[in-house]
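Heads up, the thing below is written out as structure tokens.
Lettering follows sequence order; numbering is per chain, from 1.
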2 protein chains.
Amino acid sequence: MKYADSGVNIDAATRALGRAKSAIRSTWDERVKSDTGAFGGLYQAAPGEPLMVASVDGVGTKVMVAVQAGRFDTVGQDLVNHCVDDILVQGAEPLFFLDYFATGTLNEDVLPAVLEGFATACRENGCALLAGETAEMPGVYAPGEFDLAGTIVGRVREEDLIDGSRIAAGDRIWGLPSTGLHTNGYSLARKVLLETAGFALDDVPEELGVSVADALLAVHRSYLPHLRTIWDAHGRAAVRGLAHITGGGFYDNVPRVMPQGLRAVIDTTAWNTPPLFRLIGDRGGVDPAEMYRVFNMGIGLCVIASPEVDLGALPDLEARIVGEVTSGDGGVDVRLGS
Amino acid sequence: MKYADSGVNIDAATRALGRAKSAIRSTWDERVKSDTGAFGGLYQAAPGEPLMVASVDGVGTKVMVAVQAGRFDTVGQDLVNHCVDDILVQGAEPLFFLDYFATGTLNEDVLPAVLEGFATACRENGCALLAGETAEMPGVYAPGEFDLAGTIVGRVREEDLIDGSRIAAGDRIWGLPSTGLHTNGYSLARKVLLETAGFALDDVPEELGVSVADALLAVHRSYLPHLRTIWDAHGRAAVRGLAHITGGGFYDNVPRVMPQGLRAVIDTTAWNTPPLFRLIGDRGGVDPAEMYRVFNMGIGLCVIASPEVDLGALPDLEARIVGEVTSGDGGVDVRLGS
């Protein structure tokens, strides 16, 4: 099975976005410091000021799992943490978050639970839930479903910006564990587990040891505390590049920070693939390369640092070396093992 | 007919939000300078810095009119201009905008047209389309439908902040014309015009003189050029309060800027209600008070200024006096006429 079989066509989205790229760029002036494809947009209102870093995202069809499980307090946390990570990879700390909640017919119990989730994660990340919008749109949403979008704004001093430009051949790529699928690949995961394999959400497959609902709804991890630990121990400059492993997996996200003339090599045998990913791959007959393109496979964040920085020694980080930087023609090799 | 009859229950949303208010406030510290209910959230990252003003919104079921009419280049403009107006009322000029586009199955022609709309309005407002997210979520959206959310970030110097605190008894309330429904009340408008009255989108009702599609898809006006004209002519301090007449109409939006001890009196006979609103009211048998609660009724922005400021003399503004400020117990009187 492939991601496209679950109804999500990444190539079509990429083509459609490509057609609009020049229109998007036509709105930019010298204050925009990022290009399309950056994790977060960079904006410097005036020279010398810190850079504002902003990102917008959703949680995909993880919302459908929440609806099916009747558990509404986690998807808001997922979205905040996802957004925090998307600007963290440029070195930014979050300032504030805005939420959008839309549904066909408002359920008075669902909305407060979702908002509590936003608030919980905002508190944990030291980020203000500054404003939000609730929309009731009969006819647009399928019955009982809702969608979320979130926008985060943070900032980073110019000298602390992480853009991958200091990455050098020989640098190590460290992986920090994810808690699960985070917020990507849910259409494929739902199709494989709930349709092909026929699991119910409260089933506890032997391979997982927890219910399918618990595994699928595990909250997207914020890596802000982890980065603070690293920065405190080794200084800001020790981190040369960060890649948030989201949609597109290692294949799409690691190259986003690699400079010209260098290549990342990821050795997937360096860590144990968590049971949830193995279960999806096995039951869905999903090709390994496709798995690493859709899912984070157990590594939610890649940290690129010079060889003398030992992240493995830092407590609670659970960092392990998952690859290295070599000279090459850009991009990434994902070595899938035997 | 009432708004609730179209499936939109504002009271339920208000109750649900009320339940989450303390959770939202628990994420705030001294850097948050606004309360819930402000048009835009105010955030001051450090004392003395300009205030960041941020707002998130959608265009409601105006997206369904766009889908039905097969016209996709305007809703993006609506959303940008709506967001611009929502932070303009606090005196802020826009810096950047982020968009979220979500649908069940991506149509490769729809997305670029929507993005072109965002870009067009961003250019017109001098605002960068900094980043965006496209989500394909089979099962969440009804077939053929899509939704949009947009977040804008602008800023304003502390001394230029417009928060209504300088409003005084005797001040005049000026109205600036809207282009149509802007982005509010579409569920009711669609129900009345397309169901009760039985119009097709390409019908040209005698009362309108244009097609129903043209009337319903008229682009939400950005009042940024109008405010720049006023500020250039009379200085920043001349504008004491601004109310963007969006969801909740005059009843909900004018009180958002009125200080304690003062009351706004709106005289609805001071302007001619545009034909589109009269058509909806007549064909739907909608109570006048309900009309003024759901729709802008032809006035998209209220500008509150001292009596010596004559906005009527400014070219291209089409400003007219629609009310005044009196002493009273807060809130607004909307005088509906005979």
Side-chain angles (χ1 to χ4, degrees), chain A residues 7-9 12-13 15-17 19-20 23-24 26-29 31-32 40-41 43 45 54-58 60-61 63-64 95-96 98-100 102 105-106 108 111-112 115-116 119 122-123 127-142 145 147 149 151 153 155 187, chain B residues 7-9 12-13 15-17 19-20 23-24 26-29 31-32 40-41 43 45 54-58 60-61 63-64 95-96 98-100 102 105-106 108 111-112 115-116 119 122-123 127-142 145 147 149 151 153 155 187:
Chain A
V8 178
N9 191 335
R15 278 194 302 272
L17 283 169
R19 285 171 55 192
I24 294 168
S26 74
T27 69
W28 294 356
D29 61 20
R31 295 173 292 184
V32 175
Y43 192 91
S55 186
V56 53
D57 228 304
T61 56
V63 286
M64 294 182 81
L95 298 177
F96 55 83
L98 299 95
D99 76 276
Y100 177 77
T105 302
L106 193 78
E108 282 189 52
L111 176 61
L115 294 177
E116 296 267 0
C122 279
R123 272 196 313 275
C127 167
L129 180 49
L130 187 62
E133 170 70 7
T134 304
E136 198 170 11
M137 299 170 65
V140 174
Y141 290 85
E145 303 296 338
D147 197 12
T151 301
V153 175
R155 61 180 188 177
S187 289
Chain B
V8 178
N9 191 336
R15 279 194 303 272
L17 282 169
R19 284 171 55 192
I24 293 168
S26 74
T27 69
W28 294 357
D29 60 20
R31 294 174 292 184
V32 174
Y43 192 92
S55 186
V56 54
D57 227 305
T61 56
V63 287
M64 295 183 80
L95 299 177
F96 55 83
L98 299 95
D99 75 278
Y100 176 79
T105 302
L106 193 78
E108 283 188 52
L111 175 61
L115 294 177
E116 295 267 1
C122 279
R123 273 197 311 276
C127 168
L129 180 48
L130 187 62
E133 171 69 8
T134 304
E136 198 170 11
M137 300 170 64
V140 174
Y141 289 85
E145 303 295 340
D147 197 13
T151 301
V153 176
R155 62 180 189 177
S187 289

What residues, two or more places apart in sequence or in another chain, satisfy salt bridge (Lys or Arg N to Asp or Glu O under 4.0 Å) together with B/R123?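 Here no residue qualifies.
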[X] portion near chain B, given a 4.5 angstrom heavy-atom threshold:
X: A/V8; answer: both
X: A/A102; answer: side chain
X: A/L106; answer: side chain

Heavy-atom pair with the smallest gap, counting every atom of [X] and [Y]:
X: A/A45; Y: B/L95; value: CB-CD1, 4.4 Å
X: A/A128; Y: B/W28; value: CB-CD1, 4.1 Å
X: A/D99; Y: B/V56; value: O-CG1, 3.5 Å
X: B/L111; Y: A/A16; value: CD2-CB, 3.7 Å
X: A/E108; Y: B/R19; value: O-NH1, 3.0 Å
X: B/E145; Y: A/V140; value: CB-O, 3.9 Å

Inset, instruction - Calculate, to the nearest 0.5 Å, the distance between atoms OH and CG belonging to A/Y141 and B/D147 respectively. - result: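 Spacing of OH (A/Y141) from CG (B/D147) equals 3.5 Å.
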To the nearest 0.5 Å, atom CG of B/L98 lies from atom OH of A/Y43 at 11.5 Å
Flag the one option from [options] with the top tally of heavy-atom pairs under 4.5 Å to chain A.
options: B/R15, B/R31, B/E116; result: B/R15
options: B/G60, B/P112, B/G41, B/A142; result: B/P112
options: B/I24, B/T134, B/D57, B/L115; result: B/D57

| What residues form a side chain to side chain donor-acceptor pair (under 3.5 Å) with A/S187, not counting sequence neighbours? |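 Here the qualifying residues are A/T61.
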Turns out that what part of B/M137 lies under 4.5 Å from chain A's heavy atoms comes down to both
Whatever's closer than 4.5 Å to a heavy atom in chain A on B/S26 counts as both
Do any N or O atoms from the side chain of B/E136 and from the backbone of A/N9 form a donor-acceptor pair under 3.5 angstrom?
yes
Is there a donor-acceptor contact under 3.5 Å from the side chain of B/T27 to the main chain of A/C122? no
*Looking at A/G40, A/A54, A/A13, A/S55, which has the largest count of heavy-atom pairs under 4.5 Å with chain B?*
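Between A/G40, A/A54, A/A13, A/S55, the count favours A/A54.
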Residue from A/G132, A/A131, A/P138, A/A20 scoring the most non-hydrogen pairs under 4.5 Å with chain B is A/P138
